[in-house]
Amino acid sequence: MSLTLLQCHPDPHRLAAWATRFGLTAGGDDLGYALHTLLAAAFGDLAPKPFRHFGDVRGLLAYSGQDADRIHMAAQMAAPDVHAALGLERFAARSFPTDWAAGRRLGFELRVRPVLRTKDGRERDVFLSEAEKRGVPETDLSREAVYLEWLQRELARGDAAKVDRAQLDGFRLTSSLRKGSAAVGRRPAQRVTGPDALFSGELTVRDPAGFAALIARGVGRHRAFGFGMLLLRPPSAC
């Protein structure tokens, strides 16, 4: 498989104006649905995911299964307002490794939506679900511990990786839009609120193919809306 890492620098004012024009904001600071729609407008079927929008000098990072040349060509054909909102004048793309060796240690950072889907099709915070399953008050459980157990299971899918150490660096509830927008000819968008967690730590690659697939797929749910991008770095020296 091939994987491309791309970066662009959305213009905050043009992005906000574009999102407002199409009714793609949730009344909060989460622009995941707006960016999802904007990336689709720019790249069509080649739209990258998962992605992470930092809102600072790092801009937006994303993974794509398409090669860099095809991504560059699609970016050049984006409509002027889309091109300006995404900041594609500072667009860059390069090949990303997929041939990880088993036993390789890596540092990571990850923003995720730690939720599960219930039998009736609803989404539920895994922390609240665990408290309910154990029949204990939420105050008797550690949110970080529950989330870390969930993270370990997610990274172990397909025997991809083992978490050596991890910590919850941030948590908040954020509102997002899902299910489409009447402004672009789809079902009316719905505002949903859910957990927004930021992890960092170190992992060990177990199955190289499984790990490459995990990076390309992303972690958890809402991967097309700014969650689940596994960012990698060299491990710490200690």
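None of these values were measured; they are calculated from a predicted model.
Side-chain atoms of P195 and V115, non-hydrogen and from C-beta on, do get closer than 4.5 Å to each other. With a 4.5 Å cut-off on side-chain heavy atoms, F127 and P114 do not count as touching. Inter-residue side-chain proximity for E123 and V192 is flagged as unmet; no heavy-atom pair is nearer than 4.5 Å. No side-chain heavy atom of T98 sits less than 4.5 Å from a side-chain heavy atom of I215. Using a 4.5 Å heavy-atom threshold, the side chains of L155 and F199 count as separate. Using a 4.5 Å heavy-atom cutoff, the side chains of I71 and P48 are not in contact. Proximity of L148 to L168: side-chain heavy atoms (C-beta onward) are nowhere separated by under 4.5 Å.
Separating the CG atom in L86 from the CG atom in L38 is a distance of 3.5 Å, to the nearest 0.5 Å. Distance CD/E144 to CD/E149: 11.5 Å, rounded to 0.5 Å. To the nearest 0.5 Å, the span separating CZ on R58 from NE2 on H53 amounts to 10.5 Å. Rounded to the nearest 0.5 Å, atoms CZ (F211) and CG (L232) are 5.0 Å apart. With values rounded to the nearest 0.5 angstrom, R157 atom CZ is found 15.0 Å from D207 atom CG. Taking CD from Q7 and CZ from R94, the interatomic distance works out to 9.5 Å, rounded to the nearest 0.5 Å.
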Show your working on side-chain contact (heavy atoms from CB on, under 4.5 Å) between R143 and D125 and close with a plain yes or no. CA-CA 10 Å; R143 183 180 292 271; D125 184 329; 3.1 Å; yes
Please lay out, stage by stage, how K162 and D164 fare under the test side-chain contact (heavy atoms from CB on, under 4.5 Å). CA-CA 6 Å; K162 176 179 71 71; D164 298 319; 2.6 Å; yes
With side-chain contact (heavy atoms from CB on, under 4.5 Å) as the criterion, how do R113 and D196 come out once you've worked through the C-alpha distance, each side chain's angles and the decisive distance to 0.1 Å? CA-CA 5 Å; R113 198 71 130 174; D196 188 336; 4.0 Å; yes
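In this structure, W18 and A34 approach most closely via the heavy-atom pair CZ3-O, 4.0 Å. Annotation for M229 and L110: closest pair O-CD1, 3.4 Å, computed over non-hydrogen atoms. Nearest heavy atoms, E109 versus F54: OE2-CE2, 4.2 Å. The heavy-atom pair separating H36 from F51 by the smallest distance is N-CZ, 4.1 Å. In plain terms, the two heavy atoms of L231 and R52 that are nearest each other are CD1-NH1, 3.5 Å. The two residues R111 and G226 make their nearest non-hydrogen contact at NH1-O, 3.3 Å.
Side-chain N or O atoms of E154 include none that pairs as donor or acceptor with a backbone N or O of V219 at under 3.5 Å. With H9 contributing its side chain and V57 its backbone, the two residues share a donor-acceptor pair below 3.5 Å. For E202 (side chain) and S236 (main-chain N/O), a donor-acceptor pair under 3.5 Å exists by modelled atom type. Judged by distance alone, with hydrogens and angles left aside, the side-chain atoms of E138 form no donor-acceptor pair with the main-chain N or O of L128 at under 3.5 Å.
Aromatic ring pairs are classed by plane angle as parallel below 30°, tilted from 30° to 60° and perpendicular above 60°; the pair F225 and Y33 is parallel.
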Between side-chain atoms of residues 59-68 and protein atoms elsewhere (two or more places apart, or another chain), which donor-acceptor pairs fall under 3.5 Å?
from, atom 1, to, atom 2, distance (Å)
Y63, OH, L230, O, 2.7
S64, OG, Q66, N, 3.0
Q66, OE1, R70, NH1, 2.7
D67, OD1, D69, N, 3.1
D67, OD1, R70, N, 2.9

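Residue L116 is not grouped with residue F227 when hydrophobic side chains (ILVMFWY) are merged at heavy-atom distances under 4.5 angstrom, including chains of intermediate members. Connection of F96 to L6 is not established within any shared hydrophobic cluster, with ILVMFWY side chains joined at heavy-atom distances below 4.5 Å, either directly or through further cluster members. Residue F91 is not grouped with residue L5 when hydrophobic side chains (ILVMFWY) are merged at heavy-atom distances under 4.5 angstrom, including chains of intermediate members. Following chains of ILVMFWY side-chain contacts shorter than 4.5 Å, one cannot reach L173 starting from L198, and the two form parts of different hydrophobic clusters.
With a 6.0 Å radius and a threshold of 12 heavy atoms from other residues, nucleotides or ligands, R14 has its CZ atom at or below the threshold. Within 6.0 Å of CZ in R233 there are more than 12 heavy atoms belonging to other residues, nucleotides or ligands.
Salt bridge annotation for D140-R134: absent, with no cationic side-chain nitrogen under 4.0 angstrom from a carboxylate oxygen.
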